[in-house]
Protein chains: 2
Amino acid sequence: MARKPGSRSDITGPRIRAAARHLFARHGFAAVSMRQIAAEVGVQAGALYLYTPDKETMLVDLLRDHMDELIAAWDAAEPSADPVERLEAFVRFHIAFNLDHAEAVFLSYMELRNLGPENFAVIEGLRRDYENRLEAILRAGQDAGHFAVPDTKLATLAIIAMLNGVNTWYREGGRLGRAAIGDIYWDMARKAVAA
Amino acid sequence: MARKPGSRSDITGPRIRAAARHLFARHGFAAVSMRQIAAEVGVQAGALYLYTPDKETMLVDLLRDHMDELIAAWDAAEPSADPVERLEAFVRFHIAFNLDHAEAVFLSYMELRNLGPENFAVIEGLRRDYENRLEAILRAGQDAGHFAVPDTKLATLAIIAMLNGVNTWYREGGRLGRAAIGDIYWDMARKAVAA
DNA sequence: GTCTATAAGACGATAGAC
DNA sequence: GTCTATCGTCTTATAGAC
């Protein structure tokens, strides 16, 4: 009875990641036990250790994969050379991507403190890579005279913080659709950095 | 040996709250044990239960006290009737208060999910009370023709999210002092809601 | 008001059967 | 690849001594 009929690691692996992401986002990394994750997947706790050496590695793998996907998606989508159009594209992309990956976004902001120093540095570096892409847009727009901000780095962080806020209140089927939200935040972001 | 010489509840109580706030903010509510809190204070774990019925009540008391203090401080400080001046005062107040109470702010955004439904509703209600004060400013400024935002509620949340971002990067002794940070964020907030 | 001691159980992780 | 069983430790919370 040891091996369950039809058991396959290429199915169980993704299901473990999905269950861990979901439970960590909902209850917090420290509050979720390996037994809970295993129960959600339908295996015993010991079986999880075929897929990860330990619990922290499960978390950092989720966070790294998320950041890699975020950066790759933006790099694949990046539009025209005009800084204003690029900023608009960034605002709409960031909101849409965050809403499509709400659990992973939540984790990548809330659970960094559960990482050891070296894992923390990896995720922090990826986040900075992403921020630098927005900062470059703002700098190009200032050089072209379209934007004027008192501090480019702080404007970068301010815009990202503002956009991240959407995930704290958005509910599917609410008053505003995603396109309308993009319009509203683009209006505010555009004016905030306007010359 | 039972009672320690000089032990007094009016000293131990605040020290327990401070230790809990500090450890919860640093490691997360679920990751901190009652034994750790007791060790930080210098008592045994059982003694904590003279001051709180359980761990969750410790957390909700910290969060409620923080929100009460935040709202009372703003209500005591609120300045002129002019909406533009009031918005500037709000921006500077919010940044300063958040930096002065960084651990409690962190908790009140990160640990709400560790509350039961009734405790959660209490803290959510206080947060909405505070948000409503900013929303009223934005509405008054629109009525007077000074501001123009596509959606007043979302502008409220966007500004608060932007300002909250300061706590994620600010370090004492960094490149910018608090006054300079207030200037920079006031410039961006003002333009974001400008007519 | 604080201690020691303990109840009753959950935790992360591993060993060995199949 | 997954199971059962288990190790050693930690957990929240309580009881009773002083």
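By convention in this document, chain letters (A, B, ...) are assigned in the order of the sequence lines, proteins followed by strands, and residues within each chain are numbered from 1.
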Can you tell me how far [atom2] of [N] sits from [atom1] of [X], to the nearest Å?
X	N	atom1	atom2	answer
A:Tyr49	D:dT2	OH	P	16 Å
B:Leu50	D:dA15	CG	P	13 Å
A:Leu48	C:dG12	CG	P	10 Å
B:Ile37	C:dT2	CD1	P	15 Å
B:Glu56	D:dT11	CD	C1'	16 Å
B:Ile11	C:dT2	CD1	C1'	15 Å

Nearest-nucleotide check on DNA chain C, B:Ala45 vs A:Asp54; residue mapping nearer the 5' end is B:Ala45

Within 45° cone of A:Tyr109 ring axis and under 6.0 Å: A:Arg127 NZ or CZ
yes

Return the polar atom pairs (N/O with N/O) between nucleotides 8-11 of chain C and the protein under 3.5 Å, or none.
unit_1, atom_1, unit_2, atom_2, d
C:dC11, OP1, A:Ser33, OG, 3.1

Per nearest nucleotide of DNA chain D, the residue lying toward the 5' end, B:Ala47 or A:Gly46, is A:Gly46

Contacts of B:Arg133 that satisfy side chain to side chain contact (heavy atoms under 4.5 Å, CB included) - sequence neighbours left out
B:Ile71, B:Trp74, B:Asp75, B:Asp129

Shortest side-chain distance from A:Gln44, nucleotide among D:dT2, C:dT4, D:dC3
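Taking heavy atoms from C-beta onward, the closest nucleotide is D:dC3.
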
Yes or no on side-chain hydrogen bond (donor to acceptor under 3.5 Å, both in side chains) for A:Glu69 and A:His101, after CA distance, side-chain angles and deciding distance?
CA-CA 10 Å; A:Glu69 195 186 342; A:His101 301 81; 3.2 Å; yes

Distance below 4.0 Å between B:Thr12 side-chain N/O and C:dT2 OP1 or OP2:
yes

Taking only side-chain nitrogens and oxygens of B:Tyr51, does any of them come within less than 4.0 Å of OP1 or OP2 of C:dT2?
yes

Name the one of B:Leu99, B:Val166, B:Ile95 that satisfies side-chain contact (heavy atoms from CB on, under 4.5 Å) with B:Arg178?
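The side-chain contact (heavy atoms from CB on, under 4.5 Å) with B:Arg178 is passed solely by B:Leu99 among B:Leu99, B:Val166, B:Ile95.
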
Give me the ring orientation class for A:Phe90 and A:His94: parallel if the planes are under 30° apart, tilted from 30 to 60°, perpendicular past 60°.
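Parallel: the ring planes of A:Phe90 and A:His94 meet at under 30°.
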
Give, for atom CG of B:Leu157 and atom CG of B:Asn164, the distance between the pair rounded to the nearest 0.5 Å.
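Interatomic distance, B:Leu157 CG to B:Asn164 CG, rounded to 0.5 Å: 10.5 Å.
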
Do B:Lys153 and B:Glu135 sit within salt-bridge range, that is, some charged N less than 4.0 Å from a carboxylate O?
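Looking at B:Lys153 and B:Glu135, the cut-off is met.
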
